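Notes to accompany the following structure.
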Amino acid sequence: MMSTLPLADLVDLFLRFLMLSLLSIGGAMSTAPEMHRFLVAERGWLDDAEFTTAIALAQAAPGPNVLFVPVLGFQVAGVVGAAAALVGILLPSTLLSLGVSRWGAQRRDAPVVRAFTAGLAPVSVGLVFATGWLLSLPFIAAPDHRLGALALIAATMAVTLKTRLAPIWMIVVGATAGALGGV
Amino acid sequence: MTPAAPDYPRPRSPLHLFIAFTVLALQGFGGVLAVAQRELVDRRRWMTREEFVDAYSVAQLLPGPNVVNLSLMLGDRFFGWRGAFAAISGMLFAPLVLVIVLAASYNQLASFPAVAGALRGMGAVAAGLILAMALKMLGTLRRNPLGPVLCALLGLTTLVAVTVFRAPLAWVVIGLGSAGWCIARWCIARREHGR
């Protein structure tokens with residue numbers, strides 16, 4: 001796992017991820033298939049199980065899901081690989097976003113910009129519902145503990161909508177219920 | 001985004017932003033978006049729900065992780081590029097260290113069934129947080145110039161495209177987003193014409 005990659009390969013990885021950054025519309029996860037092609041099929045630096053583990057770990061750990069990218073880099077080339085992958089996937093998109101958001105902020109009352117945010121808002125809401133549905137699906141599909149999981153999902157929704165409790169407490173309850181075998 | 005009303009709470013310094021984003025990132029199991037909405041809008045009140053939806057919509061269409069783009073926009077609004085850097089660093093640094101430590105010790109952890117169970121429980125809570133957030137975002141559409149029918153049509157088409165047809169996200173966002181943009185331009189132009 002701590003294999004040292006030749007510098008030329010490390011630079012190659014960095015440049016690939018720089019390029020993927022600008023294609024990562026909708027989040028870094030949308031470039032995961034392309035990363036799989038590069039790291040597993042083309043270079044053979046990782047196997048399928050290692051690739052899947054990186055994504056599962058990033059989803060399980062706190063923080064943005066983009067962190068599966070430095071985990072992939074870490075698996076390929078240790079801490080240096082993690083840094084190269086993370087900076088590569090974030091730098092171009094971040095600079096572009098900063099530029100676009102400043103441009104938009106200066107023109108936020110222009111009809112074109114207002115139409116942009118107004119037209120996109122329903123799509124965004126639809127996407128968040130879709131994400132919630134896709135995240136719930138494995139719990140609905142698995143027959144064991146289905147009731148426990150659905151109760152936990154419903155309770156989380158109710159607490160979120162009715163109180164100002166910090167999410168971490170709901171996570172703690174969920175983790176405890178799960179560790180005890182209730183979910 | 002322009003700064004909100006002056007009486008609105010705001011972060012005191014880039015360090016304050018860094019700490020706030022670290023706190024929210026460390027609560028974000030299974031995705032940070034719902035926690036960001038909760039912390040930034042409901043609890044700290046640094047943004048309104050409408051501003052959050054606007055920023056999220058733009059973040060969605062730009063390349064890069066949505067929550068990273070969202071942090072960047074909020075940080076930039078308060079403290080320029082220093083704020084943007086503080087917010088992104090807060091969002092990424094602590095979780096990065098944690099996930100790398102996890103990756104390094106993964107093989108020992110995976111053998112405990114209680115760990116797998118705890119992960120499932122956390123996943124269910126993450127799903128509930130996202131669904132609640134979607135319901136809150138729904139309320140912000142009430143003032144949308146598209147009107148309820150077009151909003152519902154666009155939102156439902158998005159939902160079906162992603163969940164039923166598993167359409168690639170980039171296609172959905174570019175396709176339905178530009179459709180929404182065109183319709184909204186027409187609605188806004190018609191409304192201003194009618195004044």
Side-chain angles (χ1 to χ4, degrees), chain A residues 22 24-28 30 57-64 66-67 70-71 74 82 93-94 97-98 100-101 105 111 115-133 135-136 139 149 152-153 156-157 160-161 164 167-168 170-171 174-175 177-179 181 183, chain B residues 1-2 25-30 32 35 38 42-43 53-54 56-57 60 62-67 69 72-73 95 98-100 102-103 114 117-122 124-125 127-132 134 137-138 144-145 151 154-155 158-159 162-163 169-170 173 176-177 180-181 184-185 188:
Chain A
L22 291 176
S24 61
I25 293 171
S30 59
L57 277 177
Q59 301 236 312
V66 65
L67 291 175
V71 174
F74 179 78
S93 65
T94 302
S97 299
L98 193 61
V100 170
S101 74
F116 185 77
T117 50
L120 227 66
V123 176
S124 295
V125 175
L127 282 175
V128 177
F129 270 110
T131 308
W133 170 247
L135 287 179
S136 312
F139 298 104
L152 193 56
I153 293 173
T156 305
M157 288 174 67
T160 307
L161 292 172
R164 289 178 68 187
I168 189 67
M170 302 176 225
I171 300 278
V183 178
Chain B
M1 285 184 292
T2 47
L26 287 176
Q27 298 184 69
F29 291 85
V32 183
V35 179
R38 185 100 181 127
D42 295 353
R43 286 163 60 85
V53 173
D54 279 3
Y56 176 65
S57 302
Q60 183 81 247
L62 289 167
N66 304 331
V67 286
N69 287 340
L72 168 124
M73 289 178 203
L98 215 83
V99 79
I100 294 293
L102 266 179
L119 290 181
R120 273 178 57 81
M122 284 151 64
V125 171
L129 285 172
I130 289 276
L131 286 171
M137 289 176 80
L138 202 58
N144 194 298
C151 275
L154 210 52
T158 305
L159 182 64
V162 174
T163 55
L169 196 59
V173 173
L176 291 172
W181 187 13
R185 285 187 73 170
I188 290 173

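It should be emphasised that the depicted structure is a prediction, and the values quoted were computed from it without experimental measurement. Lettering of chains follows the sequences in order, A, B, ..., and the numbering in each one begins at 1.
A heavy-atom distance below 4.5 Å is not found between the side chains of A:Pro122 and B:Thr158. Between A:Ile171 and B:Gln27 there is no side-chain heavy-atom pair separated by less than 4.5 Å.
The heavy-atom pair separating A:Gly174 from B:Val125 by the smallest distance is CA-CG2, 3.7 Å. The two residues B:Ser57 and A:Leu120 have their closest heavy-atom pair at O-CD2, 3.1 Å. Of all the heavy atoms in B:Met137 and A:Ser124, the pair that sits closest is CE-CB, 4.4 Å. When every heavy atom of A:Trp133 is checked against every heavy atom of B:Leu131, the shortest pair comes out as N-CD2, 4.1 Å. Closest approach of B:Pro63 and A:Ser93 over heavy atoms only: O-CB, 3.3 Å. Residues A:Val128 and B:Ala134 share a closest heavy-atom pair of CG1-CB, 3.7 Å.
Of the two parts of A:Phe116, the backbone and the side chain both hold a non-hydrogen atom closer than 4.5 Å to a non-hydrogen atom of chain B. In this structure, the portions of B:Leu129 lying under 4.5 Å from any heavy atom of chain A include both its backbone and its side chain. Both the backbone and the side chain of B:Arg185 come within contact range of chain A, judged by heavy atoms closer than 4.5 Å. The contact between A:Ala118 and chain B is made by backbone and side chain atoms together, counting heavy-atom distances below 4.5 Å. Contact of A:Val123 with chain B is made through backbone and side chain together, with heavy-atom distances under 4.5 Å.
If you tally non-hydrogen atom pairs under 4.5 Å between each of B:Ala124, B:Pro95, B:Ala114 and chain A, the highest count goes to B:Ala124. Per-residue heavy-atom pair counts under 4.5 Å with chain B were compared for A:Ala130, A:Gly126, A:Ala175, A:Ser136, and the maximum is reached by A:Ala175. When the candidates A:Leu22, A:Leu57, A:Val66 are compared by the number of heavy-atom contacts under 4.5 Å with chain B, A:Leu57 comes out ahead. Note: A:Leu98 leads A:Leu98, A:Val100, A:Val71 in heavy-atom pairs under 4.5 Å with chain B. For the set B:Leu26, B:Leu98, B:Val67, the entry with the most heavy-atom pairs within less than 4.5 Å of chain A is B:Leu26. Of the listed residues (A:Ala121, A:Gly181, A:Ala149), the one with the most heavy-atom contacts under 4.5 Å to chain B is A:Ala121.
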If you apply the rule side-chain contact (heavy atoms from CB on, under 4.5 Å), what do you find for A:Phe129 with B:Thr163, and how did you get there?
CA-CA 9 Å; A:Phe129 270 110; B:Thr163 55; over 6 Å; no

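Rounding to the nearest 0.5 angstrom, the gap separating the CD1 atom in B:Ile100 from the CZ atom in A:Phe74 is 5.5 Å. One distance of note links CZ of B:Arg120 with CG of A:Leu152; it measures 10.5 Å at 0.5 Å rounding. B:Ile130 CD1 to A:Thr156 OG1: the interatomic distance, rounded to the nearest 0.5 Å, is 12.0 Å.
For A:Ser97, the side chain to side chain donor-acceptor pair (under 3.5 Å) partners two or more places apart in sequence, or in a different chain, are B:Asn69. Not a single side chain to side chain donor-acceptor pair (under 3.5 Å) links B:Asn144 to another residue, sequence neighbours left out.
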